[in-house]
Every structure is written in C-alpha cells, then in structure tokens.
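Scroll down for the structure; my scribbles are underneath it.
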Number of protein chains: 2
Amino acid sequence: MNEVTGAPGTSRPGGRTARVREAVLRAAGDAFADKGIGGVDLGEVARRAGVGKTTVYRRWGTVPGLVADMLAEMAESSLPRARTGDLDADLAALASLILATLTDARQGPLFKAVIAAAASDAQTAAALHRFYRVRIDEWSPCVDEAVARGDLPAGTDADEVIRALSAPLYYRFLVSGDPLDEAAAARAAAATAAAARAGAYT
Amino acid sequence: MNEVTGAPGTSRPGGRTARVREAVLRAAGDAFADKGIGGVDLGEVARRAGVGKTTVYRRWGTVPGLVADMLAEMAESSLPRARTGDLDADLAALASLILATLTDARQGPLFKAVIAAAASDAQTAAALHRFYRVRIDEWSPCVDEAVARGDLPAGTDADEVIRALSAPLYYRFLVSGDPLDEAAAARAAAATAAAARAGAYT
DNA sequence: CGCTTAACGCAACTGGAGTCCCGTTATGAA
DNA sequence: TTCATAACGGGACTCCAGTTGCGTTAAGCG
C-alpha cells in the first residue's frame, strides 16, 4: 500500500543503486554502438552490465526509456564552447566539435541510435530536444557577440545560426551518407558565416 | 532441386503477385506512418493488407527488407524539378517540395521511419542513399544552369548546394524538433543562395 | 549497531513474433 | 484449353523477449 513510492532508484540512490546505473548506462552505450538501436534488448544490456535482467526491466522498462536516461547524463557532461572573439574561428571550432562527436567510434553510433529512437518514441524525442536546447544555449552567445562587434547584421537569430551550422553535418550523418570529414565541417562553417553576414538569419 | 529460382515475385510478377505487392506496400506505409518503424511487425502488415502472414514473411522477410522495397518504388515516382530559369525561384521551389514531403501526414512519418531504420540497418541505408542520389541528380542541374548564367561562381559544386538546402529542413525534422514551416523553407533557400553566391561551395 | 524496506537477482512462466508444413489458387506457357 | 508449378494462405509449432513471484542484499535512518 506504499503508494507514494516513485520510480526505482529515487528513494535510495546511493551505493549499489548508483553502481548499477553506471554499469547499465555504460553497457547500453557499448551495445548500441555495435548493434544499433534495433538489435539490442534489455536482457543483453543486463548481461553486459553484469546485472540482473529484472533490474534493468524494472528501472528502465524499455529501450527508449534507457536512451532518455543516457541523454540526460550526456547533457550534463557537455563541453564548454570556444571563446576566440572571432566568428569564423568560433564556428569552425563548433563544426569540428560536432564532427568529432559524430565520427567518434562510440558516440557516433550512439547518436544515430538515439535519433532513430526519437523518430518513433515521444519520450526519447523530448529528451533529445532538451539535449540540443542545452547545446544551443551554450554556443549561441558567440553569435550574439559577433552581432555586438558589428560582424553580423543586427537582429540575427543566434539559435538559427547554430542550427544552420549543425544541419549539413547531421544531414550527411543521417540521411545522405556522404563523407563526414574536416572538409565538410569547414565548408559548413564557411557557408553559415557567409549566409549570416548576408543577413539570411535575421 | 530448382536452384535457379530467384526471390519470390520475380518469376511470375503479374496478376495476383502484383496486387499483393501493391496492397502490402500500401499497408506498410500506413502502419509505419502511425506506429513508427519500431512498433510494426510483418504480421500486422499482412493483416492490414488482407494477405497471408506467410506471404509477407516469405517475400520481404524483415521490416528493413520491406522498407527497401518501398523506397525503390518511391524513387521511381519522384516529381520533376522546377525550371524557372532563376536560381532563387528554383531553390525556393525545391525547399517547398521538401517541406511538403516532410510535413505530409503520410509521407512525413514514413520518411522518419525509413531514416530511423537506416541508422541501424545497412540494407535500408543503401536504399536510402540511392533514393537521395536520384533526387539530387534530378535537381542539381538548376545549380549548373545558374553557374552557366554567371549567377554563381564557376566551380560551384551543384550536389553540395542541393544538400545544403535540404539539410536545415531535415535537421529540424529529425533532430531539433523546431517548427517546420514555410518560413523555415524560405530561410533555407535564401541562406543557401547567399552562401553559394559567396563561393562557399566551390 | 540494529531495524525497516528499497532495490537487487534468480528462476519459472507467458505471449506473441517469426517459422514451418502442406494444401489451394491461379499465372504463364504450350 | 490444359498443365506444371510459382505464389499464396491457414494453422500448428518454436523460441525468446519481457513479466512475475519470491527470496536475498544492503542503503538509509534512528
């Protein structure tokens, strides 16, 4: 009759519970990275984590639920943005950061898995949007600073510029399958800067 | 001992076989559109299509196999490109076409499902890349014509321009969840044109 | 330090997705 | 029109992802 009990892991989050969570998230990342989102079930994650199958099902329930928890974890360990005082250099740094993330042997497949899950699951989609909200808020000030310096037209939408920079890289990554390399990142940064200076994002 | 027999449907493709294929592809599109790629099994597709479960499993085998067949079908019924003789108008037309496709009640969820499947299945990914190859080949001439008219710098990569136009729309659609409307399409077209004129895609 | 109970984990169970067998339908060719 | 067989369809069967029950461990509090 204990009706106020929340989700498992909320009321005694210390010690063993924390260790289990850490092991499961790590194992889940590994599993998604080598089998993709579709080929993994929670039983396998439990095995890899050295944890009881029941525990994983009870705390996370479904693959999207687990993915959402992983994203929340990742949002917190997000890298600080560059601060070079130069728009082109800042955008190039962000493009390189995105490139590095997407081509990383572990993070790349994980992102692919997460975005795929978000396509068919509202909970994962919400977690994903929150993740990018955090990233954009972190980086958009470099655009505002460029506006303040007079390097970009007044009224430029900073968020839109950041998205415009990210978009071509994600498009290659998810849709077209074209090569994802430094040249692509540099081109994305240059094109975004040119369009922004021309006032396309006001 | 008939070892030369190909996949089912290749040797007697007329009449009933063709009707079954049509019914299954249509039912699959409906199912993916309302439940997403993950929530559909071939048994359900068979039920919706009014066709034996065995038939669907025998001819398509797996969900990605079915998706690949749908994409092949869609690539053939691709719309012809605009031919206005004006770069800005051509790009705006393509942006609107992409917008219409992604926001369509039936095609939008279907594309989401297909791209998600491509993230974890090589066969689907290959079919998807082929599909976009066709689309890009259809539209890239409008960029080449702009170069010929002197409206864009010589050496501009036409494919890259088309991808740059598509990218922001797909990014919103798949990743960021930001609104996908005429304003976004117009901005994508304008930004791409500006960057291309500045020589960002040479 | 001892008690309560949240959280874990093993093992047995269940339901449904995917497979298999075999009889039926109807295509395509002679 | 007839015939051989490609393709379909119903239904029984299998196998395993996900559930349930219950005993065990250890977190958190006094």
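Chain letters run A, B, ... following the sequence lines, proteins first, then strands; residues in each count from 1. Being a predicted model, the structure only gives us computed values, none of them experimental. Note that these values count all heavy atoms, side chains included, but never hydrogens, waters or copies made by symmetry.
Scored by the side chain to side chain donor-acceptor pair (under 3.5 Å) test, B:Asp30 finds B:Arg106 as partners (sequence neighbours excluded). The side chain to side chain donor-acceptor pair (under 3.5 Å) test applied to B:Tyr170 returns B:Tyr132, not counting sequence neighbours. Contacts of B:Thr124 classified as side chain to side chain donor-acceptor pair (under 3.5 Å), with partners at least two apart in sequence or in another chain: B:Asp121.
Pairs of residues two or more places apart, or lying in two chains, that qualify as salt bridge (charged side-chain N to carboxylate O under 4.0 Å, His left out) and include a residue from residues 60-75 of chain B are B:Arg21-B:Asp69, B:Arg21-B:Glu73. Pairs passing the ring-ring contact (aromatic ring centres under 6.0 Å, His included) check and including a residue from residues 42-75 of chain B, sequence neighbours excluded, do not occur. Every pair passing salt bridge (charged side-chain N to carboxylate O under 4.0 Å, His left out) that includes a residue from residues 173-185 of chain B is listed here, sequence neighbours excluded: A:Arg163-B:Asp178.
The side chain of B:Arg16 lies closest to C:dT27 when the candidates are D:dA27, D:dG18, C:dT27.
The residues B:Arg26 and B:Glu22 are annotated as not salt-bridged, no charged nitrogen and carboxylate oxygen being separated by less than 4.0 angstrom.
When rounded to the nearest whole Å, the span between CG of B:Asp41 and P of C:dT19 equals 11 Å.
Nearest-nucleotide positions on DNA chain C for B:Arg19 and B:Gly43 put B:Gly43 closer to the 5' end.
Contact check of residues 57-67 of chain B against DNA chain D (heavy atom, cut-off under 4.0 Å) returns B:Arg58, B:Arg59. Taken residue by residue, residues 46-56 of chain A places heavy atoms nearer than 4.0 Å to DNA chain C at A:Val51, A:Gly52, A:Thr54, A:Thr55.
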Can I get a per-line list of side-chain donor-acceptor pairs under 3.5 Å for residues 189-202 of chain B, giving both atom names and the distance, sequence neighbours left out?
| unit_1 | atom_1 | unit_2 | atom_2 | d |
| --- | --- | --- | --- | --- |
| B:Thr192 | OG1 | B:Ala188 | O | 2.7 |
| B:Arg197 | NE | B:Asp151 | OD1 | 3.2 |
| B:Arg197 | NH1 | B:Asp88 | OD1 | 3.4 |
| B:Arg197 | NH2 | B:Asp88 | OD2 | 2.8 |
| B:Arg197 | NH2 | B:Asp151 | OD1 | 3.4 |
| B:Arg197 | NH2 | B:Asp151 | OD2 | 3.2 |
| B:Thr202 | OG1 | B:Gly199 | O | 3.0 |

With a 3.5 Å cut-off and sequence neighbours excluded, list the donor-acceptor pairs that the side chains of residues 137-144 of chain B form with protein atoms.
| unit_1 | atom_1 | unit_2 | atom_2 | d |
| --- | --- | --- | --- | --- |
| B:Asp137 | OD1 | B:Arg133 | NH2 | 3.0 |
| B:Glu138 | OE2 | B:Arg81 | N | 2.8 |
| B:Ser140 | OG | B:Ile136 | O | 3.3 |

Just distance, no hydrogens or angles: give the donor-acceptor pairs under 3.5 Å from side chains in residues 107-117 of chain B, sequence neighbours left out.
none

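The end-to-end axis angle of the helix from C:dC1-D:dG30 to C:dA30-D:dT1, rounded to 10 degrees and based on five pairs per end, is 50°.
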